[in-house]
Amino acid sequence: MCGIIGYVGRQPALPILLGGLRRLEYRGYDSAGIALQEPRGQLTTVRAVGKVARLTEKVNAQLPPAAQVAAQTGIAHTRWATHGAPTEANAHPHAAAEGRLCLVHNGIIENYRSIRARLEAKGHVFLSETDTEALARLIGEHYQGDLRKAVGQALAQVEGAYGIAVLAVDQPGVLVVARKGSPLVLGLGDGETLVASDAAALVAHTRRVIYLDDGDIAVLTADSVDIRDRHDVIREREVAELGLTAGAVEKGGYAHFMLKEIYEQPESVRNALRGRLDAEHGTAVLAGMGTSSRDLAEIQRIILVGCGTSLHAGQVGEFAFEDLADLNAEVQQAAEFRYRNPLVGSHDLVLAISQSGETADTLAAVREAKAKGALVLGLVNVVGSTIARETGQGVFIHAGPEISVASTKAFTGQVAVLLLMALRLGRGRRLSLERGRALVAELARLPELIEQVLAQNDAIASVAARMATAEHAFFLGRGPMHPVALEGALKLKEISYVHAEGYHAAEMKHGPIALLTPGTPVVVLANRSPQLDKVWSNAEECKARGARIVAVVTAGQSADTIADDRIVIPDCDPLVATIPAAVALQLLAYHVARLRGCSIDQPRNLAKSVTVE
Ligand code: M6R
């Protein structure tokens, strides 16, 4: 949520900052800004409402060519508004101390109102509605020539989350950065140092990175990095090697990142499964579960926490743990977890599911569960992310960078790994060798099953064409397909702005069926499963009220008479089928959004990684 990039080195900072912003734009894109520092210290700020392209136009219009290359230090920001509308005045960087310093910020300063009131009483005139300006001015109040000290003193008075980068006119070539609750990663180059809220912005410049810890304040110059922890003690943080390539964060010829990521799923799921299937013993090998078989045998309950798409993946996992491992499993919304006195203890395994590994609510749930003595594992995509580091153990899904705001390959990777975990726990309990082996064989086929769905892209696009003018849609499923229905509805609503609801198929008649009008699309997950007859009955009830039925059916299934449109998924185990079905619904949402002319990778009002509560 909000993207930050900073540079200090010996090259012109402007193209590096704008290039970084373009890579970070998926984190927020309602306004953007940049501050450039010339070698003698002078700061020039340009801010614009809208996307980075708009900022670039404005920079080119306002800054003469010489000024564009003079600065070798700078900070930049792309915003997802929390406090105050997306206006130029609210865009970052925010200046303070009569323009002697400026700051970019990701996160929320929760006590900004009292800080603002205090400063206004002292005569400060605020120019924006943001919490960030309060922090900038607070640093300005403390600033007497030592920027690091001023930042430390100001941060000691703030509550909330922040990742910040600050420049001061009289400290040219020095960038002070700090984090608490919002990610910041340093990039170490040859005679240059970068900072970003996301490693994707660094990969074109360096692969050597340092992930800052919560509470760290770092002073960066072209040749040095000085990190102090929350107790002001100098720290040597580990230098990690980025696994990313620059190509992984490019569209690679696809019209949208979302489409690229949908098409990457045979490979990303293969990566999630790689080295983890044990065909002989009919089980999964998951070193990241990290716990001895004895400890795993003692687990009495699994609690899966996450938000959005990750929550839906957890809901599929709930079925898998109960079915395969005979384990009591429940899904809890991460946002609620720490506020409801969760009854969690040492016999509980809490699985924190997150693509980004930075979602504030999921992170808070991790901390709460750890404090209560549960075994906490992460199911994360981004290596080096806060949840991955704070859980310290867990399983990566290895999906590669997911840039599109709408999550696709993360969902299928999460479900694949949850099935592996359930298999592993099941084989340690009562799951038979025979069923274990059968499941391993099914899971091994997953990349091929996904290919078969992708091969129907044109057919799915035709179904989408018949849905594209609808303003409302319903998605229905039972059993493990219920969360897939929720996910299908989420995909459609977030990228196409069609109002879509996912329901358990049996729930329609308890109220929502009143919303059906002739022609309303109802997408029914009617794949081979023990509950198929019931699903068809529920679809009939909708059809009888004039709904248009789009059925997701299993290849070879006997023909039904009620579907107006059919999307075929390959025959496989009903738990495994959640993955090809989800891929089909991703394509459906994608094509509806494309036909409606929506901004697919950057839907309105959203941002990729939600680092505020
Ligand atoms: O990074 P996370 O998996 O923790 O993110 C959770 C949600 O914010 C995310 O899945 C969101 O719902 C996506 N936009 C869905 O496509």
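Counting convention: from 1, in listed order, for ligands and their atoms alike.
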Open item on the list: Only heavy atoms of S310, strictly under 4.0 Å: list the atoms of ligand 1 that pass.
Closed with: 2 (P), 3 (O), 10 (O)

TODO: Looking only at protein heavy atoms, identify the closest one to atom 5 (O) of ligand 1 and say how far it is in Å.
DONE: T359 OG1, 3.4 Å

Task: K491 touching ligand 1 at heavy-atom level, < 4.0 angstrom - done: yes

- [ ] Among all protein heavy atoms, pick the one closest to atom 1 (O) of ligand 1 and tell me residue, atom and distance.
- [x] S356 OG, 2.7 Å

Task: Donor-acceptor pair, side chain of H591 and main chain of S462, under 3.5 angstrom - done: no

TODO: Could you check L585, V523, L588, V498 and say which one makes a side chain to side chain contact (heavy atoms under 4.5 Å, CB included) with L492?
DONE: V498

Open item on the list: I'd like to check whether S407 has a polar contact with ligand 1, where a contact means an N/O of the residue lying under 3.5 Å from an N/O of the ligand.
Closed with: yes

- [ ] Specify the protein heavy atom at minimum distance from atom 6 (C) of ligand 1: its residue, its atom name, and the distance to 0.1 Å.
- [x] C307 O, 3.3 Å

TODO: Please tell me if the side chains of T386 and S182 come closer than 4.5 Å, counting only heavy atoms from C-beta onward.
DONE: no

Task: Sidechain-backbone polar pair: K608 side chain, S404 backbone, donor-acceptor under 3.5 Å - done: yes

Open item on the list: Looking only at protein heavy atoms, which one is nearest to atom 10 (O) of ligand 1, and what is the separation?
Closed with: T309 N, 3.1 Å

Open item on the list: Does R604 qualify as a cation-pi partner of Y497, given the criterion of NZ or CZ under 6.0 Å from the six-membered ring centre and within 45 degrees of its axis?
Closed with: yes

Task: Contact atoms of ligand 1, heavy-atom distance to A406 under 4.0 Å - done: 16 (O)

- [ ] Return the option from E494, M258, Q355, E487 holding the heavy atom at the smallest distance from atom 14 (N) of ligand 1.
- [x] E494

Task: A388: side chain to side chain contact (heavy atoms under 4.5 Å, CB included) partners, not counting sequence neighbours - done: V380, S385, F396

Open item on the list: Please check: side-chain N/O of E261 versus main-chain N/O of I403, any donor-acceptor pairing under 3.5 Å?
Closed with: yes

Task: For atom 13 (C) of ligand 1, the protein heavy atom that lies nearest, with its residue and separation - done: V405 O, 3.7 Å

Open item on the list: Please check whether T362 reaches ligand 1 - meaning an N/O of the residue sits under 3.5 Å from an N/O of the ligand, judged on distance alone.
Closed with: no

Open item on the list: Holding to salt bridge (Lys or Arg N to Asp or Glu O under 4.0 Å), I want the full list of residues that pass it with E238, two or more places apart in sequence or in another chain.
Closed with: none

- [ ] For atom 8 (O) of ligand 1, find the nearest protein heavy atom and state the residue, atom name and distance (0.1 Å precision).
- [x] V610 CG2, 3.9 Å

